[in-house]
Enquirer: 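Take a look at this one; I'll ask things after.
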Amino acid sequence: MSLAVSHPVSFTLGSRRLFGVQRHLVPLAFSLEDALSGSLPDIPDLRATDGLRILSAPNGLASHIIEQHPGWLIGGREDYPRAYIAMDGSFDDYLGKFSGKTRATFKRKRRRFEEAGGESFDLRSYSTPEELRQFLALALPLSRRTYQARLLDAGLPEDPGALAQMMALAEGDRLRAFLLFLAGEPVAYLYLPVVGHTLVYAHLGYAPEHAALSPGTVLQLAVLEQLFAENRFHYFDFTEGGGAHKALFGTNSIACSSFLLLRPTLANRALLGALTSFNAGVSAAKAVARKTGAEALVRRALRT
């Protein structure tokens with residue numbers, strides 16, 4: 001039985017998705033524990049689909065999947081170090097990985113946030129079904145305002161199927177969610193499903209008007225302190241894609257790839273050809289912006 005879903009093959013400029021062309025794809029996602037053990041999930045039935053959407057495959061297994069589909073088209077490939085935290089020590093042990101200068105920066109950001117909130121620090125955690133309802137009531141309105149939701153389509157999910165799945169996770173004690181408050185108002189959230197012994201970095205967002213207070217960084221560290229104290233989890237998985245935040249907080253990484261594997265039809269060839277040309281044009285424009293010193297202005301324009 002196919003588990004295909006409609007997925008947009010996206011044309012993006014900076015962090016902004018301009019448009020997407022829908023394809024009927026079967027997602028094949030590798031958990032961190034799969035990636036570390038080298039386990040290849042079963043490839044589902046691909047009949048009546050356009051192909052596969054591979055997420056976070058270790059490079060060796062990615063090559064194996066491609067070899068199993070000779071002649072199929074590869075597109076939208078992204079190679080990156082999949083960052084994660086090995087939670088095999090204490091929170092103090094974890095902090096020891098950072099330089100003294102970085103630890104001082106963390107303390108300064110926490111202190112500045114506390115001062116803005118009237119010298120208090122209000123972090124609330126949610127894990128049970130009733131707590132999840134409280135979390136969603138506060139976090140969903142915040143999520144709709146975030147940069148992550150407006151430009152990346154990466155806000156908290158609100159469709160009935162996703163909400164039912166979140167509730168099922170809470171009923172099985174398989175999620176941790178957190179809200180950071182400032183002067184009584186929620187300003188940042190972090191939502192973490194649990195897969196096996198791994199916490200999955202699924203959704204982070206913060207109020208854009210408080211970005212100067214570094215709420216994402218402050219929240220991340222405060223959450224990790226609580227999770228290390230729980231002494232239950234083996235890993236904190238930053239999932240697919242690179243990024244400075246993930247590189248900063250991760251302790252380890254594994255080389256992974258995400259990509260589309262499409263049937264070799266004329267329509268799919270045309271789509272991936274257009275995507276390759278578009279991405280090449282964007283890269284060329286970025287190179288020109290860097291040379292002319294306009295890159296920062298372009299980034300700011302794309303975020304508005």
Side-chain angles (χ1 to χ4, degrees), residues 1-12 15 17 20-46 49-69 72-85 148-149 152-157 159 161-162 165-166 169 174-175 190-204 234-243 245-247 249-250 252-263 268 271-272 275-276 279:
M1 179 179 177
S2 171
L3 300 175
V5 296
S6 183
H7 174 75
V9 178
S10 298
F11 290 70
T12 61
S15 297
R17 189 176 78 184
V21 179
Q22 297 295 325
R23 286 294 183 266
H24 205 50
L25 303 176
V26 175
L28 186 64
F30 287 74
S31 72
L32 179 63
E33 292 175 38
D34 285 339
L36 293 175
S37 67
S39 300
L40 178 64
D42 292 335
I43 297 178
D45 183 2
L46 298 180
T49 73
D50 293 304
L52 283 167
R53 180 186 176 213
I54 312 294
L55 297 170
S56 296
N59 285 349
L61 294 181
S63 299
H64 182 68
I65 295 170
I66 293 169
E67 290 168 1
Q68 288 184 321
H69 297 81
W72 284 45
L73 309 175
I74 302 169
R77 179 159 181 160
E78 181 184 5
D79 297 297
Y80 49 86
R82 180 178 184 172
Y84 65 94
I85 299 170
Q148 289 82 0
L152 303 179
D153 285 336
L156 285 167
D159 63 275
Q165 185 178 41
M166 294 165 79
L169 291 176
R174 290 181 290 138
L175 70 80
L190 182 58
Y191 175 81
L192 308 168
V194 176
V195 177
H197 298 286
T198 301
L199 294 147
V200 179
Y201 182 80
H203 298 286
L204 169 73
H234 296 176
Y235 305 106
F236 186 106
D237 177 21
F238 284 105
T239 70
E240 66 268 10
H245 182 91
K246 298 178 180 183
F249 288 104
N252 305 76
S253 66
I254 180 170
C256 288
S257 301
S258 294
F259 56 94
L260 305 176
L261 192 64
L262 303 183
R263 294 183 180 280
N268 287 337
L271 173 60
L272 294 185
L275 180 63
T276 298
N279 288 340

Enquirer: With sequence neighbours excluded, what pairs up with Asp50 under the salt bridge (Lys or Arg N to Asp or Glu O under 4.0 Å) test?
Expert: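 For Asp50 there are no salt bridge (Lys or Arg N to Asp or Glu O under 4.0 Å) partners, ignoring immediate neighbours.
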
Enquirer: Write down the atom of Ser31, the atom of Val195, and the distance for their closest heavy-atom approach.
Expert: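 In terms of heavy atoms, the two residues are closest at CB-CG1, 4.4 Å.
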
Enquirer: So Leu260 and Val9, side chain to side chain contact (heavy atoms under 4.5 Å, CB included) or not? Walk me through it.
Expert: CA-CA 9 Å; Leu260 305 176; Val9 178; 3.7 Å; yes

Enquirer: What residues form a side chain to side chain donor-acceptor pair (under 3.5 Å) with Asp79, not counting sequence neighbours?
Expert: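 Here the qualifying residues are Arg77, Ser257.
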
Enquirer: Taking side-chain contact (heavy atoms from CB on, under 4.5 Å) as the test, write out the residues that go with Ala162, two or more places apart.
Expert: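 If we apply the side-chain contact (heavy atoms from CB on, under 4.5 Å) test to Ala162, skipping adjacent residues, the hits are Pro157, Asp159.
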
Enquirer: With rounding to the nearest 0.5 angstrom, report the CG to CD1 distance, Leu73 to Ile66.
Expert: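 So the CG of Leu73 and the CD1 of Ile66 are separated by 11.5 Å.
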
Enquirer: Hey, mind stepping through Phe238 and His245 against side chain to side chain contact (heavy atoms under 4.5 Å, CB included) and telling me if it holds?
Expert: CA-CA 9 Å; Phe238 284 105; His245 182 91; 4.3 Å; yes

Enquirer: Show, in sequence, the C-alpha distance, side-chain angles and deciding distance for Arg53 and Leu261, and conclude whether the side chain to side chain contact (heavy atoms under 4.5 Å, CB included) test is met.
Expert: CA-CA 6 Å; Arg53 180 186 176 213; Leu261 192 64; over 6 Å; no

Enquirer: Could you tell me which residues satisfy side-chain contact (heavy atoms from CB on, under 4.5 Å) with Asn279, sequence neighbours excluded, listed by chain and number?
Expert: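 If we apply the side-chain contact (heavy atoms from CB on, under 4.5 Å) test to Asn279, skipping adjacent residues, the hits are Leu275.
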
Enquirer: Answer yes or no: is there a side-chain heavy-atom contact under 4.5 Å between Thr239 and Phe30?
Expert: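 They are not in side-chain contact.
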
Enquirer: Which heavy atom of Gln22 sits nearest a heavy atom of Ser6, and at what distance?
Expert: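 Looking at all heavy atoms of both residues, the closest pair is OE1-OG, 2.6 Å.
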
Enquirer: Go through the structure and list residues passing ring-ring contact (aromatic ring centres under 6.0 Å, His included) with His7, not counting sequence neighbours.
Expert: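 Once residues adjacent in sequence are excluded, His7 has no partner under the ring-ring contact (aromatic ring centres under 6.0 Å, His included) criterion.
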
Enquirer: Could you give the distance from CG (Leu46) to NE2 (His69), rounded to the nearest 0.5 Å?
Expert: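 Between Leu46 CG and His69 NE2, I get 5.0 Å after rounding to 0.5 Å.
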
Enquirer: Kindly write out the residues that satisfy side-chain contact (heavy atoms from CB on, under 4.5 Å) with Ser258, not counting sequence neighbours, or none if the list is empty.
Expert: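 Listed in chain order: Leu55, Ser56, Tyr80, Glu240.
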
Enquirer: Run the side chain to side chain donor-acceptor pair (under 3.5 Å) test against Arg263 and tell me which residues pass, sequence neighbours left out.
Expert: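 So Arg263 forms no side chain to side chain donor-acceptor pair (under 3.5 Å) with any residue.
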
Enquirer: Taking only residues two or more places apart in sequence or in another chain, which ones pass ring-ring contact (aromatic ring centres under 6.0 Å, His included) with Tyr84?
Expert: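 Once residues adjacent in sequence are excluded, the partners of Tyr84 under the ring-ring contact (aromatic ring centres under 6.0 Å, His included) criterion are Tyr235.
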
Enquirer: For His197, check side-chain contact (heavy atoms from CB on, under 4.5 Å) against everything at least two apart and list the hits.
Expert: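 Partners of His197 under the side-chain contact (heavy atoms from CB on, under 4.5 Å) test: Glu33, His234.
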
Enquirer: Where do Val194 and Leu175 come nearest, in terms of heavy atoms and distance?
Expert: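 Closest approach of Val194 to Leu175, heavy atoms only: CG2-N, 3.9 Å.
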
Enquirer: Hey, could you give me the CG/CG distance between Asp237 and Leu36, rounded to the nearest 0.5 Å?
Expert: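 CG of Leu36 is found 8.5 Å from CG of Asp237.
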
Enquirer: What closest approach, in Å, do Leu52 and Leu25 show between heavy atoms, and which atom pair accounts for it?
Expert: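 That would be N-CD2, 4.2 Å.
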
Enquirer: Could I get the full list of side chain to side chain donor-acceptor pair (under 3.5 Å) partners for Glu67, not counting sequence neighbours?
Expert: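 Here no residue qualifies.
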
Enquirer: Please report the closest heavy-atom contact between Leu204 and Tyr201, naming both atoms and the distance.
Expert: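 Reported closest heavy-atom pair: CD2-OH, 3.1 Å.
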
Enquirer: When you look at Leu262 and Trp72, which way does the side chain to side chain contact (heavy atoms under 4.5 Å, CB included) test go after all the steps?
Expert: CA-CA 6 Å; Leu262 303 183; Trp72 284 45; 5.7 Å; no

Enquirer: Has Ser63 got a side-chain atom pairing as donor or acceptor with Asn59's backbone, closer than 3.5 angstrom?
Expert: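 It does hold such a pair.
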
Enquirer: Taking the side chain as everything from C-beta on, heavy atoms only, tell me whether His203 gets closer than 4.5 Å to Leu190.
Expert: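 No. Closest side-chain heavy atoms not under 4.5 Å.
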
Enquirer: Mind listing the closest non-hydrogen atom pair of Gly250 and Ile85 along with its distance?
Expert: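 For Gly250 versus Ile85, the nearest heavy atoms are CA-CG1, 4.0 Å.
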
Enquirer: State which residues pass side chain to side chain donor-acceptor pair (under 3.5 Å) with Ser10; sequence neighbours excluded, sorted by chain then number.
Expert: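 Residues passing side chain to side chain donor-acceptor pair (under 3.5 Å) with Ser10: none at all.
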
Enquirer: Arg174: what forms a salt bridge (Lys or Arg N to Asp or Glu O under 4.0 Å) with it, not counting sequence neighbours?
Expert: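 Partners of Arg174 by the salt bridge (Lys or Arg N to Asp or Glu O under 4.0 Å) criterion come out as none, since no residue qualifies.
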
Enquirer: Tell me if the CD atom of Gln68 is crowded by more than 12 foreign heavy atoms within 6.0 Å.
Expert: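 Above 12, so yes.
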
